[in-house]
Amino acid sequence: MAVSYNHKEVEEKWRSIWEKDPVNKDDGKKPKYYCLDMFPYPSGNGLHVGHWRGYVISDVWSRYKMLNGYHVIHPMGWDAFGLPAENYAIKNGVHPAISTAANISNIKRQIQDIGAIYDWDMEVNTTDPEFYKWTQWIFVKMFKAGLAYEKEMPINWCPSCKTGLANEEVVNGHCERCGAEVTKKNLKQWMLRITKYADRLLDDLDKLDWPEKVKKMQTDWIGRSYGAEVDFKVDGRDESITVYTTRPDTLYGATFMVLAPEHPLAAGLSTPETKEAVDKYIYDASVKSNVDRLQGKEKTGVFTGSYAINPINNEKIPIWLSDYVLADYGTGAIMCVPAHDDRDFEFAKKFNIPIIQVIAKDGVEIVDMEEAYTEASGTMINSGEWNGMESAVLKKEAPLMIEKRGFGKKTVNYKLRDWVFSRQRYWGEPIPIVHCPDCGAVPVPEEELPLLLPEVESYEPTGTGESPLAAIDSWMNTTCPCCGKPARREANTMPQWAGSSWYFLRYVDNKNTEELVSREKADKLLPVDMYIGGVEHAVLHLLYSRFYTKFLYDIGVVGFDEPFMKLFNQGMITGKNGIKMSKSKGNVISPDELVENYGCDSLRIYELFVGPPELDSEWDDRGIDGVYRFLNRFWKMVLDSSEKNAPETAESVKLRHKMIADITQRLESFSLNTVVSGFMEYNNSMIELGKKGGVDKATLEAAIIMLSPLAPHIAEELWQKLGHEGSVFDEKWPEYDEEAMKDNEKEIALQINGKTRAVMNINVDAPKDEVLTQAKALLKERIGDGRIVKEIYVPGKIVNIVVK
RNA sequence: GCAGUUGUGGCGGAAUUGGCAUACGCGCUAGACUAAGGAUCUAGUCCGGGAUAACUGGGUGCGGGUUCAAGUCCCGCCAACUGCACCA
């Protein structure tokens, strides 16, 4: 009888063997496969079982690819700039570099517990000056390319984090990180011109094998729309207002115009009679927070007293102000067609503004409109020379018609805004810019990078919009790289996204002091073939990385313009009742104890077994007993059969081929939870076979090789126990033969009127008549004197007799 | 409000193209081994009726439909989760 399985002994043994002799070797001949994890922020809380899941999935996939003959690139690193370390520093006076280093060493130990094939020679750390030198270098290159620019404007400001935020970091008016309500603050900011890449970022999504959900989120975020800008003259003045519309076909139906309260012309449009009301409305809007403004269900507004001239028909239409028009989208002003837009309709109803229908469905004009007709299908009416046209056709043609007539032009609009790139915090990459009174903003010369983050006495953000760096005169005062005169450094730092936007490029050449990455290595080892991580970065990190990659492609650093060919979002592991694991909820489950009690292999398999990898799963510790038992039974089965030296039998060969086919298919389709259940089923079958005499060696070997990506330690140990010298990971993924797995006998169901009444063994090649005759004989009593209306036989599957 | 995802036993979840619903595992019940069992092994476990059986009725969120046959396809709802949310 085999000795039982001691997970500790086995895992420690192989861990130390792999350390000396890693299993993932590059012989220079194999094709590469780059399987990347979203690198972690080294938090002081350590990892929980949810973090493990993604890393297990990526390791299983990496090892599977390895067994299929690939040289797998599977690196790990640290996204280590960011607020928690800085907040910890503020509270405890410990330099973020010190607490970060401590956290990294703890998390690294936890990650090593996973037993993954990470190549630690490739490790990167975004806070390492040798790394952020290149983060700064990219910024300088962007500056030189005109993609980084300074602008003073009201930006999103988190009063709790005391820093400005990018649009992507504001979720429903709240800070993505801390949840505080975001306010506006007027600040001079560094911006990245991501909007210049809007079309490419949108169009290139087609190239990517990504979840549709993420593609859609990016598509919506970029928010491209086609339409026209139309100029309306202000009646009696020498001014005109340009509006943006996607529905220039409805121009004849424009009965009023609305400007955002922040529109530069807004205040000036008031008349002596309306001035007071207009000023008050503008003031009220300015003090409303984003959240309040979005929550206003009923539309508000004020008439300015001025009129505009609709250029298509010279009608005078009133100009209103309302906060339902956004200042920073389009031109901040709209023409309003209440008959064909819900919001305009609501507004017109409330303020008794005329409604003119210009599109008629089936040519019928509605007498008393009760709601706007928003579809672009129907015939034009009340539209002068456009009458009778199809609105769908006109919608496409109108922009050019307007352009030809000289009162507007065809345009494209985006929701995407430029990226607010300055942070008023300490623990980030200093923006490598010097402000010279004469030369303006001058980049730090590339050969002087990295520009080191200096020591400070206080990490506390000032809250005034300056970073703590601004207080360090010795660092701030410098000379202009251009003219040599005294100058001041830029005090702001970069957002945490800066380093994570390109880190995956650095792994493959992390010791290069001359280049971000050598073009040779980039061409050979990049881009990423499979990227695995949570869905929370759908429009943040994943959008920024694509932007950076496209820029680096444009300046010739890399030869590809999309970083991640395939993306997989693993579901979240939650605590009981689907509650997100968090320290404050006290429902965090650490992997450490489970590894101790059940072993790494058991936890790895359980992480897969909890549910479909793409869906969220509730964690229940108890289930891990099941996989632990499975591994023990597998262990015993292999050793028992191996002792018996069982010969191949028809049954065991068939089982082998079926098992290989089944497991391979499930792995290929990324159905990792059913890979595990499949192993359990085949293991049960093998145990049954074992009772009859044993499982042949080739079948055992196939099972061990296939189990090795999931449970690498136990697989290596069993592989060795079967008498092999080398590592199981030097083997090839087993192949199957369709012929060898064919059953010639099969049990099929016999149904009467679709209900199963009996089962019967048939020869799969038996002719239909024979099967039906047999089936009817078996069902004779049940059919009785019923009349048989129809007889169905689906070969090898089912017999159904329809009886009346 | 719009879009997407999900809904199957006490629980986590299986179910290529429509073809025996509930595989696999947890939990539970009974038994074996044992000084002991939170170890291991064996048997059972969708719900109801039937004495344990044979047998029988129902059953995949709800209501319809297509089909010899529906968890799966079609139409209409409901609920939960996620994303977007006055983007003109």
Side-chain angles (χ1 to χ4, degrees), chain A residues 4 171-173 211-214 216-217 219-221 223-225 227 243-248 250 254 257-258 260 293-297 299 322-326 328-337 340-344 346-347 374 413-416 535-536 538-539 571-572 574 578 605-606 609-612 614-630 632-633 636 662 665-666 669 671 673-684 747-759 789-803:
Chain A
S4 78
V171 181
N172 289 329
E212 286 307 316
K213 178 186 170 156
V214 176
K216 181 153 193 321
M217 282 169 75
T219 302
D220 289 349
W221 190 259
R224 180 167 63 193
S225 68
V243 304
Y244 171 70
T245 179
T246 55
R247 298 296 304 276
T250 63
M257 177 185 260
V258 176
R293 192 163 159 171
L294 290 171
Q295 269 169 355
K297 281 170 230 114
K299 300 219 169 348
S322 175
D323 63 4
Y324 82 90
V325 174
L326 306 174
D328 60 357
Y329 180 78
T331 60
I334 60 170
M335 66 175 212
C336 297
V337 184
H340 304 288
D341 181 279
D342 291 325
R343 297 148 302 182
D344 299 348
E346 187 194 331
F347 196 86
T374 55
N413 237 302
Y414 304 90
K415 288 195 216 173
L416 184 70
V535 75
E536 63 272 16
V539 287
M572 195 175 35
T574 67
I605 293 180
Y606 188 53
F609 193 52
V610 285
E614 69 280 8
L615 298 183
D616 292 352
S617 293
E618 269 179 42
W619 187 263
D620 183 353
D621 266 353
R622 284 179 303 185
I624 196 172
D625 285 313
V627 295
Y628 188 65
R629 281 175 204 144
F630 155 68
N632 271 292
R633 284 200 288 258
K636 275 189 202 149
D662 230 3
Q665 236 163 57
R666 293 178 191 200
S669 59
S671 178
N673 53 326
T674 65
V675 168
V676 176
S677 64
F679 267 118
M680 288 172 168
E681 279 179 75
Y682 282 105
N683 187 42
N684 290 344
E747 191 189 74
I748 61 163
L750 307 183
Q751 301 183 326
I752 295 176
N753 296 337
K755 297 211 165 171
T756 303
R757 294 305 181 188
V759 290
V789 193
K790 206 168 182 180
E791 298 170 2
I792 290 148
Y793 172 53
V794 181
K797 283 192 172 160
I798 207 157
V799 168
N800 192 11
I801 311 284
V802 186
V803 178

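Sequence lines set the chain letters: A, B, ... in the order given, protein chains first and strands last, and positions in each chain run from 1.
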Is any side-chain nitrogen or oxygen of [X] closer than 4.0 Å to OP1 or OP2 of [N]?
| X | N | result |
| --- | --- | --- |
| A/Lys790 | B/C68 | yes |
| A/Arg666 | B/A23 | no |
| A/Lys755 | B/A21 | no |
| A/Asn683 | B/C24 | no |
| A/Asn673 | B/A14 | yes |
| A/Tyr329 | B/A88 | yes |
| A/Arg622 | B/C11 | no |

Using atom [atom1] of each nucleotide, how far apart are [N] and [M] to the nearest Å?
| N | M | atom1 | result |
| --- | --- | --- | --- |
| B/G4 | B/A54 | P | 48 Å |
| B/G63 | B/U72 | P | 13 Å |
| B/G44 | B/U5 | C1' | 37 Å |
| B/C24 | B/A15 | P | 14 Å |
| B/C26 | B/U45 | C1' | 13 Å |
| B/A35 | B/A23 | C1' | 40 Å |
| B/A30 | B/A79 | P | 42 Å |
| B/U52 | B/A39 | C1' | 32 Å |

Does [N] have a Watson-Crick or wobble partner in any strand here, with both distances under 3.5 angstrom, and which is it?
| N | answer |
| --- | --- |
| B/A23 | none |
| B/A79 | B/U6 |
| B/A39 | none |
| B/C73 | B/G65 |

*In terms of the nearest nucleotide of RNA chain B, which residue is placed more toward the 5' end: A/Glu618 or A/Ile792?*
A/Glu618
*Let me know, please, whether A/Thr246 or A/Val802 comes out on the 5' side of the other along RNA chain B by nearest nucleotide.*
A/Val802
To the side chain of [X], which of [options] is closest?
| X | options | answer |
| --- | --- | --- |
| A/Arg629 | B/C26, B/A88, B/C20 | B/C26 |
| A/Met217 | B/G83, B/G27, B/A3 | B/G83 |
| A/Thr674 | B/C20, B/U17, B/A14 | B/A14 |
| A/Asp625 | B/C41, B/G27, B/U16 | B/G27 |
| A/Thr756 | B/C24, B/A21, B/A69 | B/A21 |
| A/Met680 | B/A88, B/G83, B/G25 | B/G25 |
| A/Arg633 | B/C41, B/A14, B/C20 | B/C41 |
| A/Pro612 | B/A3, B/A88, B/A14 | B/A14 |

Using a heavy-atom cut-off of 4.0 Å across all strands, would you classify [X] as base, sugar-phosphate, or nothing?
| X | value |
| --- | --- |
| A/Asp341 | nothing |
| A/Asp328 | nothing |
| A/Glu212 | nothing |
| A/Glu747 | base |
| A/Ser225 | sugar-phosphate |
| A/Asn684 | sugar-phosphate |
| A/Lys213 | sugar-phosphate |
| A/Val794 | base |
| A/Arg757 | sugar-phosphate |

*Would you find a donor on one side and an acceptor on the other, under 3.5 Å apart, between the side chain of A/Asp616 and the backbone of A/Met572?*
yes
*asked:* So, taking the atom named CG in A/Asn683 and the one named OG in A/Ser677, what distance separates them when rounded to the nearest 0.5 Å?
replied: 12.5 Å
Scan side-chain atoms only and decide if [X] and [Y] contain a donor-acceptor pair under the 3.5 Å cut-off.
| X | Y | answer |
| --- | --- | --- |
| A/Tyr244 | A/Ser225 | yes |
| A/Tyr329 | A/Asn413 | no |
| A/Thr674 | A/Ser671 | yes |

*Is A/Lys299 positioned over the aromatic face of A/Phe347, cation under 6.0 angstrom from the ring centre and no more than 45 degrees off axis?*
no
_Syn-anti status, with the boundary at 90° from 0, for the nucleotide B/G63_ = anti
_Once you measure the plane-to-plane angle for A/Phe679 and A/Phe630, does it fall in the parallel (<30°), tilted (30-60°) or perpendicular (>60°) bin?_
tilted
*Is the distance between the ring centroids of A/Trp619 and A/Tyr606 less than 6.0 Å?*
yes
*asked:* Any N or O donor-acceptor pair under 3.5 Å from the base of B/C86 to the side chain of A/Lys299?
replied: yes
